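Read the structure below first, then the notes.
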Amino acid sequence: MSTTWITVGTPLPSGPMRIAVTPAGVVMSDYLPDGSATSAPVCTDPAKIDAVTGRITEYLAGRRRAPDLPIDWSRVGDAHRVVLRTLLTEVPYGRTITYGELAALSGVFEGTTEPGLAARTVGQMMAANPVPLLVPCHRVVAADGIGGFGGGRVGIEVKRWLLTLEGVLEPTLDWNGPDWVEAAARG
DNA sequence: CGCGCCAACATTG
DNA sequence: CAATGTTGGCGCG
C-alpha cells in the first residue's frame with residue numbers, strides 16, 4: 001500500500017500537521033511540529049492535496065463541523081476501530097464524552113467490571129489514535145477534568161485549542177484562534 | 001472541599 | 001513485556 005505524506009499548515013499551538021494518505025483514504029495524521037526528518041514520500045496528487053488541506057483548513061477555521069475525509073481503517077485493530085468509530089458517530093461537534101462513557105457506549109468492554117480499567121484502555125486507544133482530528137479524540141475528556149492528550153506538553157494545549165474552537169471551553173487570553181473570532185467578537 | 005496515593009489488569013506496539 | 005490521555009475511594013488539613 002503506497003503511503004504518501006501531505007503537510008498542512010494550521011493555527012494549532014503545535015504548528016503544521018502531517019497527514020499520510022493511501023488510495024483508500026487517510027491512514028495517519030500527526031501534530032508533530034517537526035515532521036521534517038521523514039524519509040516517507042511526499043504526496044504529489046493535486047486532488048488529494050486540495051481535499052486534505054482544504055477540508056482541514058475549513059474545519060480549523062470553524063466553517064466546517066468535521067473534516068469529512070475518507071479514513072483507511074486497514075491498519076487499525078478490531079476493538080480499537082469500534083471505539084474510534086463509536087466516537088466518530090456518537091459524539092457530535094461541540095459535545096464531549098468521558099473515557100468511561102465512551103467505553104460503555106462502544107460496547108467493547110461489556111465483560112469488564114472495573115470502570116476504571118475500561119476507561120484507561122480507551123485512553124490508551126485515544127493515545128494510539130492513528131488519525132487525530134479526523135476522529136475527534138479531543139472530545140474525550142476525564143470524568144473530573146479535561147484529561148490528557150498525546151504529543152507531549154503541547155498536546156494538551158492542542159486539545160484545549162480544539163475544544164475552544166468547538167465552543168466547549170471559554171477562550172483564554174492567549175487564544176490565537178482563526179480569523180472568524182474577530183468577526184464573532186464584532187457581532 | 002482540594003490534594004495526593006493506591007490498586008485494577010485491557011489493549012497496543 | 002512494559003507503558004498508558006482513568007477511575008473511585010481513602011485519609012488529611
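Being a predicted model, the structure only gives us computed values, none of them experimental.
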Rounded distance (Å) that lies between atom C1' of C/dG5 and atom CG of A/Leu163: 13 Å
Separation between CH2 of A/Trp161 and CZ of A/Phe149, rounded to the nearest 0.5 Å: 12.5 Å
List the atom pairs, donor and acceptor, that lie under 3.5 Å between side-chain atoms in residues 75-82 of chain A and the rest of the protein, sequence neighbours left out.
unit_1  : atom_1 : unit_2   : atom_2 : d
A/His80 : NE2    : A/Met125 : O      : 3.0
A/Arg81 : NH2    : A/Val76  : O      : 3.0

Nearest-angstrom distance from the residue atom NZ of A/Lys159 to C1' of C/dG5: 6 Å
With A/Glu166 via salt bridge (Lys or Arg N to Asp or Glu O under 4.0 Å) - residues at least two apart: A/Arg139
Separation of C/dT4 C1' from A/Ile156 CD1 (nearest whole Å): 15 Å
Nearest-angstrom distance from the residue atom CG of A/Asp144 to C1' of B/dG2: 12 Å
Inter-residue atom distance A/Ile97.CD1 - A/Ser106.OG, 0.5 Å rounding: 9.0 Å
Residue list, side-chain hydrogen bond (donor to acceptor under 3.5 Å, both in side chains) with A/Glu157, at least two apart or on another chain: A/Arg153
Gap between atoms OH and P, on A/Tyr99 and C/dG8 respectively (whole Å): 14 Å
Separation of atom CD in A/Glu101 from atom C1' in C/dT6, rounded to whole Å: 13 Å
Pair of N/O donor and acceptor under 3.5 Å linking C/dT7 base with A/Arg120 side chain: no
Reference residue A/Val168; test side chain to side chain contact (heavy atoms under 4.5 Å, CB included); the match among A/Val141, A/Leu162, A/Ile146, A/Thr96: A/Thr96
N/O donor-acceptor pair under 3.5 Å between A/Glu101 side chain and A/Thr98 backbone: yes
Hydrophobic cluster membership, A/Val108 vs A/Leu117, 4.5 Å side-chain cutoff: no
If you restrict it to nitrogen or oxygen atoms, what contacts under 3.5 Å exist between nucleotides 11-13 of chain B and the protein, and what is each distance?
unit_1 : atom_1 : unit_2  : atom_2 : d
B/dT12 : OP1    : A/His80 : N      : 3.1

Sugar-phosphate, base or nothing in reach of A/Val122, heavy atoms under 4.0 Å: nothing
Donor-acceptor under 3.5 Å (A/Lys159 side chain, A/Val140 main chain): yes
A/Arg55 side chain to A/Asp68 backbone, donor-acceptor under 3.5 Å: yes
Residues touching DNA chain B, which here means a heavy atom under 4.0 Å, drawn from residues 131-139 of chain A: none
DNA chain C: stems of at least 3 consecutive Watson-Crick or G-U pairs whose donor-acceptor distances fall under 3.5 Å: B:1-8 with C:6-13, B:10-13 with C:1-4
Sugar-phosphate, base or nothing in reach of A/Ala127, heavy atoms under 4.0 Å: base
Test item: A/Thr3 side-chain N/O and A/Thr22 main-chain N/O as donor-acceptor pair under 3.5 Å: no
For atom CE of A/Met126 and atom P of C/dT7, their distance in whole Å: 13 Å
Sugar-phosphate only, base, or nothing, as touched by A/Gly147 at under 4.0 Å among non-hydrogen atoms: nothing
